[in-house]
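The structure presented is a predicted model; accordingly, all values stated were derived computationally and were not measured.
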Amino acid sequence: MKITVSAFANRQFQGKVDSIAFMPEDNLTSNSASSNSLHQIPVKIVFDGSSIQGYESRFNPGMSAIVKVETK
């Protein structure tokens, strides 16, 4: 899966989704009032070690990321 972290917008990382916190629809944080709004869903990502080399100490819990999941 390809991961872009907002704090490092020019860098793409590799990893996998470890877990997703499923939440009721009324508890999701919405960025827009439209029907096509984006929702913030807590996801635990495990990064590929070679992918984050040199960035290890710069990651913190709660950082925003865009995750592109590729399915088979």
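- Taking CG of Asp48 as the reference point, atom CE of Met1 lies at 10.5 Å (rounded to 0.5 Å).
- Separation of atoms CD1 (Ile45) and CZ (Phe59) is listed at 9.0 Å; rounding is to 0.5 Å.
- Between Ala9 and Thr4, the shortest heavy-atom distance links the atoms O-CG2, 3.9 Å.
- For Glu56, the CD atom is densely surrounded, since the number of other residues' heavy atoms within 6.0 Å is greater than 12.
- With rounding to the nearest 0.5 Å, the separation of CE in Met63 from CZ in Phe8 is 4.0 Å.
- The hydrophobic cluster containing Val43 also contains Val67, counting ILVMFWY residues as joined when their side-chain heavy atoms lie under 4.5 angstrom apart, directly or transitively.
- The hydrophobic cluster containing Val5 does not contain Val46, counting ILVMFWY residues as joined when their side-chain heavy atoms lie under 4.5 angstrom apart, directly or transitively.
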For this session: Carefully, step by step, assess Tyr55 and Phe47 under the rule side-chain contact (heavy atoms from CB on, under 4.5 Å).
Result: CA-CA 11 Å; Tyr55 287 80; Phe47 288 94; over 6 Å; no
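- For Ser51 against Gln14, the heavy-atom pair with the smallest separation is OG-N, 2.6 Å.
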